[in-house]
Amino acid sequence: MPSTRGSVPDPGAPGGADQRLRRGARAPAPHPHAPDDRGRPHRIAIVGGGPGGLYTAALLKRLAPDREVTVYERNAPDDTFGFGVVLSDETLGGIEHADPAVHEALKAHFVRWDDIDIVHRGIRHTSGGHRFAALGRRRLLGILHDRCRDLGVDLRFRTEAPPPDRLARTHDLVVAADGVHSAVREAHRDVFRPHVTSHRCRYIWLAADFAFDAFRFEIAETEHGVMQLHGYPYSRPSPDQQPSTRPRGPQHEAASTVIVEMREEVWRAAGFDALDETESTARCAKIFAEALGGRPLRSNNSAWTTFRTVVNARWSHGNVVLLGDAAHTAHFSIGSGTKLAVEDALALAACLEERPTLREALGAYEEERRPVVASTQRAARASLEWFEDLGRYVGQPPRRFAFNLLTRSRRVTHGNLRLRDAGFTDSVEREFGCPPGTPPMFTPLRLRGLTLRNRVVVSAMDMYSADDGVPGDFHLVHLGARALGGAALVMTEMVCVSAEGRITPGCTGLYTGRQGGAWRRITDFVHDSAPGTAIGVQLGHSGRKGSTRLMWEGMDEPLPDGNWPLVAPSPLPYRPGSQTPRELTRAQLTDVRQQFRAAAERAAHAGFDLLELHCAHGYLLSGFLSPLTNHRTDAYGGSLERRLRFPLEVFDAVREVWPAERPMTVRVSATDWAEGGTSGADAVRIARAFAAHGADAIDVSTGQVVAEERPEFGRSYQTPYADRIRHEAGVPVIAVGAISSWDDVNSLILAGRADLCALGRPHLYDPQWTLHAAAEQGYDGPGAPWPAPYRAGSRPPRTGRTDAPRPRLTLHGPRQDV
């Protein structure tokens with residue numbers, strides 16, 4: 001969905017590319033025979049005549065009219081293989097500042113609309129306030145052709161570009177804007193190092209000769225599987241379509257882009273692999289006849305294809321630079337392909353103006369654009385994967401399904417959607433069961449005999465501050481402060497079941513009576529001083545990751561002295577230089593199982609409300625689950641069922657002594673972020689196994705299993721794994737991983753991607769994070785009660801006055817003499 005509000009950080013903010021180009025455009029042109037006075041390229045070749053290449057040509061020629069700018073395009077001027085193009089307000093603002101003439105021409109042809117319609121199982125839900133602008137791709141190219149000709153750009157259509165090496169020798173700058181299959185990039189792939197990922201859906205671009213009255217998502221549940229239609233108008237609607245918030249624009253003919261998409265296996269089962277272009281087009285029109293009003297679809301050299309995500313290690317090589325799809329791609333469902341290419345052009349032109357040398361300019365261009373593109377690609381990947389797994393969500397309640405679709409990329413959030421369309425968001429909350437005025441995060445959740453008053457968990461965070469495994473005053477203050485801060489559940493750090501099972505000498509334990517008594521002091525404080533707050537204990541054993549220094553002294557580094565022997569499923573050190581553990585024998589497995597059981601008994605006596613078994617992050621039980629760390633050939637190694645055997649035995653031993661009314665959760669690493677490791681499908685099977693043994697929820701983390709992992713970090717980057725487990729395993733989940741705002745929590749809960757959200761670092765920054773989240777949302781209810789001694793602080797404190805006194809008297813018009 002091409003959202004136009006806040007979809008990409010705007011490089012056109014003060015100092016951004018558009019503002020800089022506006023200033024640059026007013027500067028006098030350089031002397032015609034001294035193009036290199038400021039290191040700017042004079043002879044420029046642009047390979048590819050799409051919007052990105054053409055707009056780059058226009059900008060560079062406009063900024064320095066003496067330049068020789070040549071565009072090579074293999075197709076004819078009026079050849080185009082898409083239909084409509086959507087541009088955001090940010091992109092249009094950049095174009096307006098950099099080249100008002102192009103902006104005016106575009107504005108004259110835009111169709112604008114505000115609504116998104118989501119049609120599923122015969123029910124249409126509409127969300128407004130989204131502000132789209134679209135026009136035909138052919139029209140866009142025509143505007144850019146005209147602008148380039150007016151400026152004197154040499155446009156060479158039906159012309160293959162010379163080989164990249166020859167272009168680089170004969171030109172000062174070569175811009176590769178030749179798309180996802182870039183020949184220029186491939187000629188230097190050893191330098192650019194492209195990584196291309198193909199995805200699981202087939203899609204086809206088509207068009208309809210009428211205008212949809214909104215951006216439309218239509219879901220078809222067929223005998224072969226789930227299919228979806230993405231449709232939006234790009235040309236003026238028919239005269240009989242006059243809704244007030246619907247498309248409007250001065251186009252000559254009504255038309256809409258229609259994209260039909262489905263999983264590869266659905267595509268094959270439906271027989272599309274055996275149909276030609278005409279037959280496929282007719283079949284799609286039949287499947288989505290209701291959305292199309294019985295009208296036909298048309299094609300234009302349309303073919304079924306799979307989307308490819310392109311990422312490059314470098315964007316420039318000498319005087320050759322990549323732009324648009326040659327450098328990066330982002331799935332069409334967030335509508336950012338043309339947007340990114342145009343914004344690339346703006347940034348490249350600005351950097352060439354500002355930097356004294358070409359090398360510095362190309363480095364600055366990549367430095368400016370790479371983080372923006374990476375953020376967009378993360379959002380596009382989330383959207384793409386949501387549609388790949390669409391069948392997972394079709395059984396959700398209708399409004400929740402619509403909300404889930406709208407927030408799938410994590411760019412549009414609960415709060416953002418409320419600003420756009422409060423009525424729609426209210427209806428989703430009512431369907432979810434939110435009492436009036438209650439944000440989703442402050443609704444209760446019941447696990448066995450424990451009712452959590454809201455959906456916020458203080459995540460387990462190792463403090464490394466214990467003395468001989470005994471929690472002290474630090475732990476009392478640390479956990480007590482966060483219990484007073486409003487979260488429903490406060491988790492301890494990993495509490496070790498034996499001295500040999502500690503990660504560091506500063507880790508806490510539950511293997512002695514003294515430790516159990518110290519924990520009782522803390523749970524009593526929480527229950528007495530923060531009534532309604534639950535406190536949970538996380539039990540674990542370090543396995544091969546033990547006997548290391550305190551985190552701030554050298555994370556995962558062995559102790560300089562006083563090391564204790566390590567045990568693990570297999571004798572594999574965590575990383576080079578780490579101690580090699582001993583492979584656990586059958587007798588030792590029995591001992592470890594008994595250690596967990598005894599620690600659970602102490603935890604129950606210590607008054608904990610919930611117990612979590614730590615089977616993640618490469619610690620002992622996690623080491624059994626991952627094929628990368630479990631190389632055993634006995635009954636505890638090999639297949640996933642065998643690798644699960646010991647963790648399940650431990651779970652059963654703990655569940656047997658843990659009070660029946662108190663819930664148990666299990667923390668898992670849902671992926672190892674490493675080839676050959678635990679996969680998302682494996683994680684679902686692991687979750688099902690623990691749920692079958694009595695786990696009440698799965699705490700879904702990722703990674704930290706092997707040192708050579710390659711995580712894909714980003715905002716709430718682990719939540720898709722929780723989402724998958726929740727829907728496929730049918731068990732409640734706790735989502736973790738870079739969830740930092742209450743808006744994210746509301747979004748995840750309301751969309752049905754998680755049941756609880758665990759936050760670590762935000763609670764280190766602000767122990768009262770949950771209470772402050774309530775205050776910021778104007779919520780004052782049972783989901784976030786302020787402790788009586790803190791009640792006076794439930795409103796933000798006043799700050800110094802910043803506004804000037806208003807004038808006491810204002811005279812309007814000329815003064816009248818009396």
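Positions are given from 1, in the same order as the sequence printed here.
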Q: Mind listing the closest non-hydrogen atom pair of W304 and V260 along with its distance?
A: CZ3-O, 3.6 Å

(Q) Tell me whether R166 is salt-bridged to E160, with the criterion being a basic N under 4.0 Å from an acidic carboxylate O. (A) no

Q. How long is the span from the CD atom in E385 to the SG atom in C201, to the nearest 0.5 Å?
A. 10.5 Å

(Q) Does W386 form a side-chain contact (heavy atoms from CB on, under 4.5 Å) with L405? I'd like the steps, not just the answer. (A) CA-CA 8 Å; W386 194 93; L405 187 152; 3.7 Å; yes

Q | Note, L140 side chain near L106 side chain (heavy atom, < 4.5 Å) | A | yes

Q: Flag the pair R147 and D150 as a salt bridge only when some basic side-chain nitrogen lies within less than 4.0 angstrom of an acidic carboxylate oxygen.
A: no

Q: Might you work through the side-chain contact (heavy atoms from CB on, under 4.5 Å) test for L348 and L362, ending with a clear yes or no?
A: CA-CA 7 Å; L348 178 61; L362 298 186; 3.8 Å; yes

Q: For ring pair (Phe, Tyr, Trp, His ring centres under 6.0 Å), just list the numbers for H145 and F157, CA-CA rounded to whole Å, side-chain angles, deciding distance to a tenth of an Å, and then say yes or no.
A: CA-CA 11 Å; H145 291 161; F157 296 105; 4.9 Å; yes

Q) Between R137 and T338, is any pair of side-chain heavy atoms under 4.5 Å apart? A) yes

**Q.** Heavy-atom side-chain contact between R40 and L352 under 4.5 Å
**A.** no

Q.
Are there over 12 heavy-atom neighbours, none belonging to R74, within less than 6.0 Å of that residue's CZ?
A. no

Q | Flag side-chain contact, heavy atom, 4.5 Å: R724 against Y721 | A | no

Q: Give a yes or no on this: more than 12 heavy atoms of other residues, nucleotides or ligands lie within 6.0 Å of atom CZ of R370.
A: yes

Q. Salt bridge (Lys or Arg N to Asp or Glu O under 4.0 Å) between E104 and K107: does it pass, once the steps are laid out?
A. CA-CA 5 Å; E104 285 301 310; K107 192 167 67 172; 3.2 Å; yes

Q: With the side chain counted from C-beta on, respond yes when W673 and E712 share a heavy-atom pair under 4.5 Å apart, and no when they do not.
A: yes

Q.
Strictly distance-based, threshold 3.5 Å: is any side-chain N or O of S409 a donor or acceptor partner for the main-chain N or O of S383?
A. no

(Q) For a side-chain contact (heavy atoms from CB on, under 4.5 Å) check, start with the C-alpha distance between Y55 and I95, then their side-chain angles and the critical distance, and finish with the verdict. (A) CA-CA 9 Å; Y55 193 54; I95 292 172; 3.7 Å; yes

Q) Can T413 and D743 be counted as having a side-chain donor-acceptor contact under 3.5 angstrom? A) yes

Q) Between atom CD1 of I46 and atom CD of E73, what is the distance when rounded to the nearest 0.5 Å? A) 12.0 Å

**Q.** Separation between OG of S302 and CG of L297, rounded to the nearest 0.5 Å
**A.** 9.5 Å

Q) Do R420 and D114 sit within salt-bridge range, that is, some charged N less than 4.0 Å from a carboxylate O? A) no

Q.
What's the separation between atom CG in L346 and atom CG in D99, rounded to the nearest 0.5 Å?
A. 9.5 Å

Q: Assess whether atom CD of E367 is packed by more than 12 heavy atoms of other residues, nucleotides or ligands within 6.0 Å.
A: no

Q: Report yes if some heavy atom in the side chain of R139 is under 4.5 Å from a heavy atom in the side chain of Y234; otherwise report no.
A: no

Q) What orientation do F713 and Y717 show, parallel under 30°, tilted 30 to 60°, or perpendicular over 60°? A) perpendicular

Q | side chain to side chain contact (heavy atoms under 4.5 Å, CB included) partner of D344, the single match among R369, E366, K339 | A | R369

(Q) Would R283 and F272 count as a cation-pi pair here, with the cationic atom under 6.0 angstrom from the ring centre and within 45° of the axis? (A) yes

Q | Worked verdict on E353 versus R62 for salt bridge (Lys or Arg N to Asp or Glu O under 4.0 Å) | A | CA-CA 12 Å; E353 285 297 292; R62 180 169 184 262; over 6 Å; no

Q. Taking side chain as C-beta onward, heavy atoms only, is L390 less than 4.5 Å from M227?
A. no

Q) Any side-chain heavy-atom pair from L206 and C284 closer than 4.5 angstrom? A) yes

Q. Among side-chain atoms of T407 and R753, is any donor-acceptor pair under 3.5 angstrom?
A. yes

Q.
As an exercise, state the distance from CE of M262 to CD of E388, rounded to the nearest 0.5 Å.
A. 14.0 Å

Q. Of the non-hydrogen atoms in T159 and Y72, which two are nearest, and what is the gap between them?
A. CG2-CD2, 3.9 Å

Q | Value rounded to 0.5 Å, distance of CZ in R185 from CG in D325 | A | 9.0 Å

Q: Decide ring pair (Phe, Tyr, Trp, His ring centres under 6.0 Å) for F387 and H331; before the verdict, give the C-alpha distance in whole Å, the side-chain angles of both, and the deciding distance to 0.1 Å.
A: CA-CA 11 Å; F387 281 112; H331 193 248; 7.1 Å; no

(Q) Evaluate L54 against L155 for side-chain contact (heavy atoms from CB on, under 4.5 Å), listing each step before the verdict. (A) CA-CA 9 Å; L54 292 169; L155 298 178; 3.9 Å; yes

(Q) Could you go through Y203 and H230, starting from their C-alpha distance and side-chain angles, then the distance that decides it, and tell me whether this counts as ring pair (Phe, Tyr, Trp, His ring centres under 6.0 Å)? (A) CA-CA 10 Å; Y203 68 95; H230 311 234; 9.0 Å; no

